[in-house]
Amino acid sequence: MKKVVMYTLSTCPWCMRAKKFFREKDIPFEYIDYDKADEGTRRSIREDCLSHGEEMSFPFVKIGEDVVVGYNPQKYSSLLNLSEG
Amino acid sequence: MVWFFAIDEIELGEGGKKPLLVEGEKLLLIRQEGGFYAISNKCPHMDCPLSKGTLEGFVIKCPCHDWLFDIRSGEFLNAREIKVPAYGTKVAEGKVYVNMER
Amino acid sequence: MSVDTEKRMEQFRTMFQRVIDPLGYKFSPDTELVDFLLEQEVLLEKEKGNPYCPCQGLTGEREHDMQLVCPCIPFHREHFDAMKRCWCGLYVHKDVDDPDSLVQISKKEFEASRTKV
Ligand code: SF4
Ligand code: FES
């Protein structure tokens, strides 16, 4: 299984939906709430987003080597080879 | 046209700005490059007083979130559909008048 | 939700409606989402002084963060127009009746689609 890591905000409804999606599919994931993180972590999250040519728009979801910015269950599923539904 | 007295011309120097109440409207009168410009003193974003902002040429920056407006047309520089109301002005015999009809 | 919060949410509704209307946007028909986001903005204003975007990250640099005060549409116009919604989905194009049919397109995807033409 590819590793799922996401950057989120505690205030962002699409981040909550993304977490719910993986939880409901029983897919383990790690997440960091950018707004609750310490200075150093925040800086490295920002650098990571920028290095992918993105802004800090959340959720920022890393699935293996791939990145999906935004709540996009279709893309999450296809990157994890899940059947839809 | 409905012209209302605003101030005496000598009250406002070049590059100066002054908040005024004209006919119950909060206005901001600005003197720039010899002309007088009148706009509403309330930012169209969240009503902050533009009189507390900074003026550079014909552009005023709102003190709250830095939105930039052209004082001649009232247009917001990043989206010209958004405007702070702008009013006509004239000077007669040393007195500045504002046209409250837009 | 406190009375204060509700009052401030109503003020945001009035002020932001005035800003988004000339840009061709309206509040999303998804009222639950709208209420949630406006409440977050009221809480963000209480905590940080401004109704910042609940879905985009602040850096602490004024120039950057001021462009993430709601509604931030003027600073992301083409990108949001391409999605027919703002990033959070608080606002959608006036002709959108079914906001769930819209997807978020990342900045990079948007720029790639633009250069293709
Ligand atoms: S993305 Fe939407 S909700 Fe977030 S600040 Fe911009 S306009 Fe407001
Ligand atoms: S109130 Fe003027 S820029 Fe926000």
Side-chain angles (χ1 to χ4, degrees), chain A residues 4-22 31-79 84-85, chain C residues 5 28 30-48 50-61 64-65 67-68 70 72 75-76 78-80 82-90 99-115:
Chain A
V4 178
V5 179
M6 59 180 134
Y7 306 138
T8 47
L9 287 176
S10 68
T11 52
C12 153
W14 305 97
C15 301
M16 296 170 191
R17 286 180 202 184
K19 289 173 190 168
K20 187 162 168 254
F21 172 91
F22 292 106
Y31 74 89
I32 310 172
D33 279 334
Y34 173 79
D35 54 330
K36 305 281 179 217
D38 60 52
E39 263 305 306
T41 311
R42 289 163 66 95
R43 209 172 307 120
S44 68
I45 290 176
R46 185 182 184 192
E47 276 161 21
D48 202 7
C49 293
L50 294 178
S51 76
H52 284 89
E54 299 286 3
E55 289 173 323
M56 281 196 288
S57 306
F58 297 104
F60 188 97
V61 184
K62 299 204 268 187
I63 300 177
E65 299 291 303
D66 293 294
V67 167
V68 182
V69 180
Y71 177 66
N72 197 324
Q74 272 98 6
K75 280 196 190 156
Y76 305 158
S77 297
S78 77
L79 287 171
E84 270 304 313
Chain C
T5 303
S28 170
D30 184 342
T31 53
E32 221 173 287
L33 180 73
V34 168
D35 285 345
F36 181 86
L37 287 167
L38 285 177
E39 187 184 356
Q40 296 307 313
E41 290 184 1
V42 172
L43 300 175
L44 281 160
E45 183 184 46
K46 269 188 205 147
E47 192 192 320
K48 300 182 195 284
N50 290 305
Y52 288 114
C53 186
C55 319
Q56 300 177 81
L58 302 171
T59 62
E61 294 145 34
H64 176 271
D65 292 353
Q67 303 205 342
L68 295 183
C70 196
C72 72
F75 307 103
H76 306 93
E78 294 175 14
H79 180 187
F80 292 178
M83 297 189 287
K84 291 178 149 275
R85 53 170 278 176
C86 71
W87 184 255
C88 287
L90 178 56
D100 288 338
S101 64
L102 305 177
V103 281
Q104 289 174 304
I105 305 168
S106 84
K107 180 188 164 225
K108 191 175 165 185
E109 290 165 326
F110 163 66
E111 281 172 356
S113 71
R114 200 163 49 159
T115 49

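Only a predicted model underlies this, so the values are computations on that prediction, with no experimental measurement involved. Computed over heavy atoms, backbone and side chain alike; hydrogens, waters and symmetry mates excluded. Below, chain A is the first sequence line, B the second, and so on; all start at residue 1.
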Side-chain donor/acceptor of C:W87 to backbone N/O of A:F58, under 3.5 Å: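 Yes, C:W87 side chain to A:F58 backbone: donor-acceptor pair under 3.5 Å.
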Side-chain donor or acceptor of A:E54 paired with backbone N/O of C:K108 under 3.5 Å: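 Here the side-chain-to-backbone pair exists.
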Taking all non-hydrogen atoms of both residues, which atom of [X] and which atom of [Y] are closest, and how far apart?
X	Y	result
C:Q104	A:Y71	OE1-N, 2.7 Å
C:H76	A:E55	CD2-OE1, 4.3 Å
A:V69	C:S106	CB-CB, 3.5 Å

Within the structure provided, determine whether [X] and [Y] are in side-chain contact (heavy-atom separation under 4.5 Å).
X	Y	result
C:Q56	A:M56	no
C:F36	A:M16	yes
C:C55	A:P13	yes

Verify the neighbour count for atom [atom1] of [X]: are there more than 12 heavy atoms of other residues, nucleotides or ligands below 6.0 Å?
X	atom1	answer
A:K20	NZ	no
A:Y31	OH	no
C:E32	CD	no

Residue part contacting chain A, namely of C:L33, when any heavy atom lies under 4.5 Å: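 Side chain only.
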Heavy-atom contact with chain A under 4.5 Å, split by part of C:L68: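 Answer is neither: C:L68 stays 4.5 Å or more from chain A.
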Toward chain C: residues of residues 34-52 of chain A with heavy atoms under 4.5 Å: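 Only A:Y34, A:R42, A:R46, A:H52 of residues 34-52 of chain A have a heavy atom under 4.5 Å from chain C.
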Residue, of A:W14, A:F60, A:Y7, that accumulates the most heavy atom pairs under 4.5 Å with chain C: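 Between A:W14, A:F60, A:Y7, the count favours A:W14.
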Separation between CD of C:E47 and OG1 of A:T11, rounded to the nearest 0.5 Å: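 Between atom CD of C:E47 and atom OG1 of A:T11 there are 9.5 Å.
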Pick from C:L43, C:L44, C:T59 with the largest number of heavy-atom pairs that fall under 4.5 Å of chain A: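 Highest number of pairs under 4.5 Å: C:T59.
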